[in-house]
Amino acid sequence: MRMRIRWFLSSVSVAGIGLLSACGEAAKPTPGVSGDTITIGVIAPLSDAVAVIGTPITAGMQVYFEALNARGGIGGRYKVNVLVEDQTYANPSTSAQKYQKIKDQVALFGLVLGTDHINTLLPLLAEDSVLVGPATFDSEWVREPFLIPWGSTYQLWAYNALAYYRETAGADKRICAMALATGYGDAGLGGVTMAAEKLGFEVAATVRFKQDDQDFVAPITQLRNARCDAVLLVSLPANTGRVLGTAAQARFAPQWITLSPGWHPAMLESPLRDYMRARLWVSFDGAEWGDTTAPRMAAAMADLQTYRPQQKPDLYFTAGYTMAIATEAVLAKAVELGDLSRGGIVRASEALGAVSFGGLIGDYVYGPADRREPPRATTIFRPDPANATGLSTIRKDYSHPGAAEVTFTRAPR
Amino acid sequence: MSDLVQFLLAGLALGSVYALICLGFVVIYRATGVINFAQGGLVVLGAFLTHEFAVRQGLPFSLAVVLAVAAVAGIGMALERVVFRPMVGQPTFAMILITLGVLFVLEQASAARWGYDVLLIGDPWGVQTVQIGGATVKVADLWTLGAAGAALAALFALFRFSTLGIAMRAGAADPEAALAHGISPQAIHGLSWAIAGAVATLAGVFLSAGPKGVDLSLSLVAFRAFPAMILGGLDSPEGAVTGGVLIGLIEVLTAAYLVTAVPGVGANFHVVMPYLVMVVILIVRPYGLFGREEVRRA
């Protein structure tokens, strides 16, 4: 009899614990989803030298969701609240701190800026099953399951730009590289290496530099002595001015090719304006500011006028706006599938399929991380004071045949 | 050969800017015993103020520099009066932490006023160059060398020959004896901060000259000048100059030759080299090349 009572009590206890667990699971609210509002996170540099990128890119995302909310929100049901945190670009651990601070208040992160910052966060994302939109274009993001990559990649920007240069200037030109000593710099150099292998040339010289370097005479002399005809420059705006200034003063005038994070329109006000107009290309994925042949550009311009009329023309504004399209697509799919839990949002990202960015950038085929297909084309720009963002198109949507053969792999962890 | 001339001039120009920054560190250290981590904030503030006066207000560049130097010297004195003087007698560690706080305040106050873009300071040199010994040399570098040399010479004359300078040296050597002779420590501290602000502004102007421009990242340069201060000796103005010039030359020549000759050391070894020199100096001569060796009774 005593045995039967004990068995009965144990059974009731086990069942009770199970029931409580189930209730707890069911009642556990999805972080960032409350009533008819979905909160998404943004971690970007807003108070350091890279705020020149962080501020407009954040504004682009905010404007997109303000306009979307006015149209009824995601799936016509959910308004989006954007929760913004400041990070320090030179210190990737600040993103980890801010991530921990707000991760339980957001459904996903629409934007985190910086290659090294994303690398710092990757292990945390897997632990927490949280999706992040990277405001960086490393090829490694393509196969990361907890990222929502968008656009082409730094490697392809460099590859296509160098292929286009050799196609137009001649295959005998000597190619060099100069890159920041960061993950972003590594990614750009990855494109140079890829181009050298696929197009069959030797990189004549490669130099690296630090973000706070003040003097570039020595590295510029190395490039000049290597008789470089073209230099792929992986930099941020503050570096670009200093590097090109030293080059101009050393009367070294190769074809400089920088990736979009290296450009800022304020450079056209410097004494380097003529040098840059003659010697600089900027390579990235997308349409020129105000190019309304891209269907979503017209919407972006209209939303800008309505919600941020004081915003100056800025490529990073359209970048943030474009990222928001990807974020909306994921959340809309999760709403459609009826599961706004963290796991449900990740599954929605895998069920997305092709997402059109309306010509702002190339379309992206999403799906499980191992089957994602990014756009392969690149647009080459040149500095042009007559254009609002200081850039005009040399060649739109250029894709060297070798770019189609590039395979993407997940970095070992 | 022409490359070497170019590297030497570039190294000297960079080194003279480091020397100005180091001198700011040294005058405050001698007067107060505190390493001023806010020095980088004064550098960036000085450059932004030059932009303000020369570009936004449209004043002649030389006048803009004079006004910026005066303004940052005044701000330095105000910081000493409002922030640091009430802390006299508190542990040195607390004072150092406050200098870090002041650095963040100066940076963010500058950002609030001038934003995060790279701003030009309106200097007249642009991308002008001249040929010296077959080398192409930046006119801005020549002005850096000349102006920094003149500023440093003026400061040495002040320290050595003026009553004020003698008072500063007396206050640094023996504060109690100086006080007994009527030398006000507060006045010496205030003057030290003013000098630190003035030389930081000159450093900021020359680091931002030409197409380089100024943005917030410029404040990091103070940390690059740090090894120069250790190399020369924390309490020695002569050491600040020697250390600054040596570190500038070491940095440029390492980038020019060592990184190429020995690729295995890494592409950014020029950044490591000054700190390596600093560590070696600390091991063999902890008080630096010109610093005073403190003697304590056992």
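Chain letters run A, B, ... following the sequence lines, proteins first and then strands; every chain starts at 1.
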Answer yes or no: are there more than 12 heavy-atom neighbours, outside B/W114 itself, under 6.0 Å from its atom CH2? yes

Is any side-chain heavy atom of A/D213 less than 4.5 Å from a side-chain heavy atom of B/R224? yes

Any donor-acceptor N/O pair, A/Q222 side chain to B/A255 backbone, under 3.5 Å: yes

Please indicate whether A/R227 has more than 12 foreign heavy atoms, meaning atoms of other residues, nucleotides or ligands, lying under 6.0 Å from its CZ. no

Quick one: does A/D215's side chain get under 4.5 Å of B/E251's, heavy atoms only? no

Evaluate the side-chain contact (heavy atoms from CB on, under 4.5 Å) criterion for residues A/T246 and B/K138: first the C-alpha distance (whole Å), next the side-chain angles of each, then the deciding distance (0.1 Å), finally the verdict. CA-CA 8 Å; A/T246 305; B/K138 293 180 263 185; 4.1 Å; yes

Got a donor-acceptor contact below 3.5 angstrom from the B/Y116 side chain to the A/L46 backbone? yes

Quick check for you: to the nearest 0.5 Å, what is the distance between A/Y89 atom OH and B/L216 atom CG? 15.5 Å

Spell out, as yes or no, whether a donor-acceptor pair under 3.5 Å connects the side chain of B/Q6 to the backbone of A/V217. no

Less than 4.5 Å to any heavy atom of chain A: does that hold for the side chain of B/V271, its backbone, both, or neither? side chain

Looking at side-chain heavy atoms only, is the closest gap between B/Q131 and A/R251 below 4.5 Å? yes

Below 4.5 Å from any heavy atom of chain B, which atoms of A/N225 appear? Answer side chain, backbone, both or neither. side chain

Among A/A248, A/A90, A/S270, A/A181, which residue has the highest count of heavy-atom pairs closer than 4.5 Å to chain B? A/S270

Contact origin within B/A111 toward chain A - heavy atom pairs under 4.5 Å: neither

Are more than 12 heavy atoms from other residues, nucleotides or ligands located less than 6.0 Å from atom CZ of A/R273? no

Drop me the distance from A/R242's CZ to B/D215's CG, to the nearest 0.5 angstrom. 5.5 Å

Leading residue by heavy atom contact count with chain B [cutoff under 4.5 Å; candidates A/A51, A/A250, A/P219, A/P45]: A/A51

A/Q249 versus chain B, the contacting section by heavy-atom distance below 4.5 Å: both

Heavy-atom pair count under 4.5 Å with chain A, highest-scoring of B/L220, B/L9, B/L120: B/L120

Working to the nearest 0.5 Å, report the span between OG of B/S217 and CG of A/L236. 9.5 Å

